[in-house]
2 protein chains.
Amino acid sequence: MFSKLNRSHRASSVERHMNDFRRGKGWGAQIKRMGRRMTVPRRAIFKVVSNSSKHLSAEDIYMEIHKKYPGIGLTTIYRTLKLLVKTGLLIKHEFGEGCARYEYTAGKIKEHAHLICMSCGKVQDCSDIDIEKFGLDKISKEVSSRYSFNIKRKRLVFHGLCEECVKGGKK
Amino acid sequence: MFSKLNRSHRASSVERHMNDFRRGKGWGAQIKRMGRRMTVPRRAIFKVVSNSSKHLSAEDIYMEIHKKYPGIGLTTIYRTLKLLVKTGLLIKHEFGEGCARYEYTAGKIKEHAHLICMSCGKVQDCSDIDIEKFGLDKISKEVSSRYSFNIKRKRLVFHGLCEECVKGGKK
DNA sequence: CTTTCTGCAAACACTTTGCAGGGTC
DNA sequence: GACCCTGCAAAGTGTTTGCAGAAAG
């Protein structure tokens, strides 16, 4: 079942994951170690989130999944997302739209700013700006020493108007 | 009705507000200009949020209000909060706890970082650290030029462990 | 006296939970 | 074969809306 991988293109994240699984590494193994199981819905969900560069909501993922697997329900999406967050592969964002969005990080957290357009609602990553070097490191240091706060995660969000909406003249 | 103010202590925010109202300034006047009305529930809600230095949720405000005015319902709290946000006196925060929290700003936005304890849930303001000067200005400039993004508001949140929870040994 | 505001109950959107059946190891 | 996982339906959040009566101006 895990052996019929299509080798004609570069290994997708799912393939990589399956290899890892066989070798006892990666998400599958991590799950196994937790006494949990690898299933079709989980694989499908993992594939969708790991192949997307966008910030997907549970609903987004459900609709994507539903094309190929109409049998998978929203409940399972939510449960699997929670699991993926717990293993550290996903970060859960709450941008205040009324629903959570998930970002694939493959376990390594590279802090970056997010831009949210107040007009069209689009969310962009500023992944090519090293916010730490641009000054966030100094702020963090100051904060943690002045407030004796043990920082675990940093979140920088800019609300405003994206390029298209400024050009488009929308207010 | 507006003339029986107690003058024995420094003007509270409600008194100041009422004076402003008579003079055609401040929130009351602002509301009037919008064709809206000044009412008992609105005054009470304004008093609670403007006198608190904490980040209150609608529920928090409701419980506080309910002591003095058991007749005021949650619906009115929500509607008034929306109004206060629209007039710019309040900022609505969504820290991802499942409910919104409101911060009184009196119209002037002084961007500051927030610390959220992952253990006890406490939210602190870092109002005595000028995050702009500590480097946020540089990040903003870089972001807006590199992404052609028109920044309207900046939000910096640190998740971690507060002093008490670190000391208390909680994980 | 007109128009806005209010409380109640119902509706809402997103997310979680209980349970019996099905799948994984 | 034991136990975990799943889908469904139902319950649970925090928040919004429709409506008739109350209040502001």
Side-chain angles (χ1 to χ4, degrees), chain A residues 1-2 18 21-22 24 27-46 55-63 65-66 68-87 90 92-102 121, chain B residues 1-2 18 21-22 24 27-46 55-63 65-66 68-87 90 92-102 121:
Chain A
M1 187 178 192
F2 286 163
M18 287 175 173
F21 186 50
R22 271 180 267 144
W27 180 46
Q30 217 167 328
I31 272 198
K32 228 173 168 178
R33 251 175 269 130
M34 297 166 79
R36 314 307 226 56
R37 287 168 186 178
M38 181 52 55
T39 64
V40 172
R42 285 182 180 173
R43 245 193 305 276
I45 294 165
F46 179 74
H55 301 75
L56 302 174
S57 66
E59 193 70 36
D60 293 337
I61 298 168
Y62 175 70
M63 292 200 296
I65 295 267
H66 198 262
K68 275 202 176 178
Y69 305 88
I72 297 179
L74 239 183
T75 312
T76 303
I77 310 280
Y78 279 111
R79 282 194 273 230
T80 304
L81 287 173
K82 188 174 274 179
L83 188 62
L84 284 163
V85 169
K86 206 186 297 179
T87 60
L90 244 52
K92 183 180 186 177
H93 290 284
E94 324 231 8
F95 292 126
E97 315 152 280
C99 70
R101 294 191 169 275
Y102 297 83
Chain B
M1 187 180 190
F2 287 163
M18 286 174 171
F21 186 49
R22 272 180 266 143
W27 180 46
Q30 216 168 328
I31 271 198
K32 227 175 169 178
R33 252 176 267 127
M34 296 166 79
R36 311 311 226 51
R37 287 168 186 178
M38 182 51 55
T39 64
V40 172
R42 285 182 181 174
R43 248 193 303 275
I45 293 165
F46 179 74
H55 302 74
L56 303 173
S57 66
E59 193 70 33
D60 292 338
I61 298 168
Y62 175 68
M63 294 200 296
I65 295 268
H66 197 264
K68 278 203 174 179
Y69 305 87
I72 297 180
L74 240 185
T75 313
T76 303
I77 311 278
Y78 279 110
R79 281 193 274 230
T80 304
L81 286 174
K82 188 175 276 181
L83 188 61
L84 284 162
V85 169
K86 207 187 296 180
T87 60
L90 244 52
K92 182 179 187 178
H93 290 285
E94 323 232 9
F95 293 126
E97 315 153 277
C99 69
R101 295 191 168 275
Y102 297 83

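What you see below is based on every heavy atom in this structure, not just the backbone, and it leaves out hydrogens, waters and symmetry mates. Letters go in sequence order (proteins before strands), and every chain restarts at 1.
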(message) I need the B:Lys32 NZ to B:Met38 CE distance, nearest 0.5 Å.
(response)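 Result: 9.5 Å between the selected atoms.
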(message) If I take atom CZ from residue A:Arg33 and atom CD from residue A:Gln30, how far apart are they, to the nearest 0.5 angstrom?
(response)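 If we round to the nearest 0.5 Å, A:Arg33:CZ and A:Gln30:CD are 6.0 Å apart.
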Nearest whole Å is fine: how far is [N] [atom2] from [X] [atom1]?
{"X": "A:Ile61", "N": "C:dC14", "atom1": "CD1", "atom2": "P", "answer": "14 Å"}
{"X": "B:Met34", "N": "C:dT4", "atom1": "CE", "atom2": "P", "answer": "13 Å"}
{"X": "B:Arg33", "N": "C:dT4", "atom1": "CZ", "atom2": "P", "answer": "18 Å"}
{"X": "A:Ile77", "N": "C:dC14", "atom1": "CD1", "atom2": "C1'", "answer": "14 Å"}
{"X": "B:Lys32", "N": "C:dC5", "atom1": "NZ", "atom2": "P", "answer": "14 Å"}
{"X": "A:Ile31", "N": "D:dC3", "atom1": "CD1", "atom2": "C1'", "answer": "15 Å"}
{"X": "B:His66", "N": "C:dT6", "atom1": "NE2", "atom2": "C1'", "answer": "15 Å"}
{"X": "B:Ile72", "N": "D:dA22", "atom1": "CD1", "atom2": "C1'", "answer": "14 Å"}

For nucleotides 13-19 of chain D, give me every protein contact, N/O to N/O, under 3.5 Å, one pair per line with atom names.
unit_1: D:dG14; atom_1: O3'; unit_2: B:Gly98; atom_2: O; d: 3.4
unit_1: D:dT15; atom_1: OP1; unit_2: B:Ala100; atom_2: N; d: 2.8
unit_1: D:dT15; atom_1: OP2; unit_2: B:Tyr78; atom_2: OH; d: 2.3
unit_1: D:dT15; atom_1: O5'; unit_2: B:Tyr78; atom_2: OH; d: 3.2

(request) Ignoring backbone atoms, test whether A:Arg37 places a side-chain nitrogen or oxygen under 4.0 Å from the OP1 or OP2 oxygen of C:dG23. (result)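 No, because none of the side-chain N or O atoms of A:Arg37 sits under 4.0 Å from OP1 or OP2 of C:dG23.
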(request) Check whether any side-chain N or O of A:Arg36 sits under 4.0 Å from OP1 or OP2 of D:dC3, and answer yes or no. (result)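 Checking D:dC3 against A:Arg36, no side-chain N or O comes under 4.0 Å of OP1 or OP2.
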(request) Could you point out which residue of A:Ile77, A:Leu56, A:Leu90 forms a side chain to side chain contact (heavy atoms under 4.5 Å, CB included) with A:Tyr102? (result)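 Single side chain to side chain contact (heavy atoms under 4.5 Å, CB included) partner of A:Tyr102 among A:Ile77, A:Leu56, A:Leu90: A:Leu90.
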(message) Taking B:Leu84's backbone N and O only, do any of them form a donor-acceptor pair with B:Thr87's side chain (distance below 3.5 Å, no angle check)?
(response)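 Side chain of B:Thr87 to backbone of B:Leu84, a donor-acceptor pair under 3.5 Å: yes, one is there.
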(message) Counting C-beta onward and ignoring hydrogens, is there a side-chain heavy-atom pair between B:Thr80 and B:Ile61 closer than 4.5 Å?
(response)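 Contact flag for B:Thr80/B:Ile61 side chains = no.
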(request) For A:Arg101, enumerate each residue passing the salt bridge (charged side-chain N to carboxylate O under 4.0 Å, His left out) test, keeping only those at least two apart in sequence or located in another chain. (result)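 Listed in chain order: A:Asp60, A:Glu97.
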